[in-house]
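Report on the structure given below.
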Amino acid sequence: MTSNLEEKIASGKAHAGVVGLGYVGLPLAVELAASGMRVTGIDVSQPKIDAVNEGRSYILDVPSERVAQLVKGGLLDASADFAVVAGLDTINVCVPTPLRKTREPDLSFVVDAVDSIIRHMRPGQLLILESTTYPGTTEEVVLPRLRAAGLEPGKDVEVAFSPERTDPGNKLFTPRQIPKVVGGITPAASAAARAL
Ligand SMILES: NC(=O)c1ccc[n+]([C@@H]2O[C@H](COP(=O)([O-])OP(=O)(O)OC[C@H]3O[C@@H](n4cnc5c(N)ncnc54)[C@H](O)[C@@H]3O)[C@@H](O)[C@H]2O)c1
């Protein structure tokens with residue numbers, strides 16, 4: 001299953017999904033689409049979905065012309081309906097993790113997003129957590145939810161963590177130039193995430 005997925009990603013034939021189209025998610029969706037992959041963004045904000053589908057950017061580092069060109073070319077679209085997850089090969093989660101008063105990340109957005117995604121996941125997909133969080137989140141928060149839904153991580157679906165390192169406004173180091181750390185729950189998950 002996974003070598004097929006890695007191959008599909010590497011050949012640009014995978015359909016990628018980005019959940020959370022903010023400072024991290026929109027630039028990521030645009031970069032993936034610009035590489036020639038088909039990309040669907042998902043967000044709970046209808047104004048953001050409308051903006052993307054109308055070719056308008058609301059993020060300083062992403063020019064509207066770039067979004068418009070990718071949307072017009074059929075490479076980028078957006079939806080507020082998580083049912084689109086069923087048609088994706090990869091899903092990157094880029095939702096907020098604001099710090100609580102105790103200085104620990106608030107994982108409620110991650111939990112909400114992951115639960116909404118898992119309802120529509122099927123075997124053969126790769127789920128990547130990008131949100132900033134503490135070590136152990138993938139294993140302690142994401143994996144048990146997949147198992148409860150009857151999807152065995154590393155067997156039915158692959159899972160990886162790849163913390164976002166983007167630096168909005170930085171003209172020298174843009175998302176494409178910033179090296180990323182990728183950690184899969186299996187070597188195959190790491191390979192598929194690395195290919196993406
Ligand atoms: N912005 C940065 O410079 C930066 C840099 C490195 C890491 N990060 C990390 O990346 C993650 C995302 O940050 P951001 O700055 O892009 O946040 P953001 O607030 O700009 O965007 C998050 C998006 O997620 C959407 N969202 C919230 N709950 C959702 C849900 N349940 N389902 C779908 N979409 C949902 C919001 O509507 C919003 O559009 C955070 O963990 C943050 O710490 C951010």
Side-chain angles (χ1 to χ4, degrees), residues 15-33 39-64 66-67 71 76-88 90-121 125 127-142 145-146 149 159-183 193 196:
H15 185 169
V18 176
V19 177
L21 294 173
Y23 284 99
V24 166
L26 185 64
L28 176 67
V30 164
E31 286 302 335
L32 289 171
V39 180
T40 295
I42 303 170
D43 204 290
V44 290
S45 159
Q46 191 60 46
K48 284 185 179 168
I49 299 304
D50 293 343
V52 171
N53 287 331
E54 288 161 18
R56 280 185 287 114
S57 173
Y58 41 85
I59 300 287
L60 192 67
D61 291 337
V62 179
S64 284
R66 252 192 125 193
V67 176
V71 170
L76 178 66
D77 67 351
S79 175
D81 183 358
F82 280 83
V84 298
V85 164
L88 303 174
T90 65
I91 304 125
N92 288 61
V93 180
C94 308
V95 296
T97 44
L99 288 181
R100 292 184 189 275
K101 278 191 195 140
T102 54
R103 313 292 291 164
E104 284 166 41
D106 171 0
L107 290 188
S108 60
F109 298 93
V110 170
V111 167
D112 278 357
V114 166
D115 283 345
S116 303
I117 293 164
I118 287 176
R119 257 176 240 132
H120 301 280
M121 276 183 82
Q125 293 176 312
L127 181 64
I128 302 179
L129 181 61
E130 296 252 349
S131 298
T132 305
T133 183
Y134 54 83
T137 305
T138 312
E139 286 173 341
E140 292 160 19
V141 176
V142 180
R145 291 183 149 71
L146 283 163
V159 184
F161 176 57
S162 181
E164 181 52 54
R165 304 176 70 200
T166 195
D167 187 12
N170 190 327
K171 299 263 177 274
L172 281 179
F173 293 96
T174 58
R176 194 169 276 265
Q177 290 154 308
I178 299 172
K180 289 210 73 181
V181 175
V182 171
L196 185 66

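Source: prediction; values computed, not measured. Every number for a ligand or one of its atoms is a count from 1 in the order of the listing.
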Check: Just going by heavy-atom distances, which of Pro96, Pro47, Gly20 is nearest to atom 27 (C) of ligand 1?
Finding: Pro96
Item checked: Worked check of side chain to side chain contact (heavy atoms under 4.5 Å, CB included) between Asp77 and Val52 -> CA-CA 7 Å; Asp77 67 351; Val52 171; over 6 Å; no
Notebook entry, point to check: When you look for heavy atoms under 4.0 Å from ligand 1, do you find them on the side chain of Phe82, its backbone, both, or neither?
Noted result: side chain
Checklist line | Atoms in ligand 1 with a heavy atom of Phe109 nearer than 4.0 Å | finding: 27 (C), 28 (N), 31 (N)
Margin query: In this structure, does ligand 1 have an atom that sits under 4.0 Å from one of the heavy atoms of Cys94?
Written below: yes
Next item on the list: Counting heavy atoms only, name the option from Val111, Asp106, Val44, Thr133 that's nearest to atom 26 (N) of ligand 1.
Entry: Val44
Next item on the list: Under 4.0 Å from a heavy atom of Val19: give me the atoms of ligand 1 that qualify, with their elements.
Entry: 33 (C)
Note to self: As a check for students: among Ile178, Asp43, Ile42, identify the option with a heavy atom nearest to atom 38 (C) of ligand 1.
What the structure shows: Asp43
Margin query: Using a 4.0 Å cut-off to any heavy atom of Lys48, which atoms of ligand 1 qualify?
Written below: 38 (C), 39 (O)
Next item on the list: May I ask you to test the Leu60-Pro168 pair for a side-chain heavy-atom distance under 4.5 Å?
Entry: no
Notebook entry, point to check: Between Val95, Leu99, Val110, which one has a non-hydrogen atom sitting closest to atom 29 (C) of ligand 1?
Noted result: Val95
Checklist line | Beyond-backbone contact of Phe161 with Pro135, side-chain heavy atoms, under 4.5 angstrom | finding: no
Notebook entry, point to check: By number and element, which atoms of ligand 1 are closer than 4.0 Å to a non-hydrogen atom of Thr97?
Noted result: 40 (C), 41 (O), 43 (O)
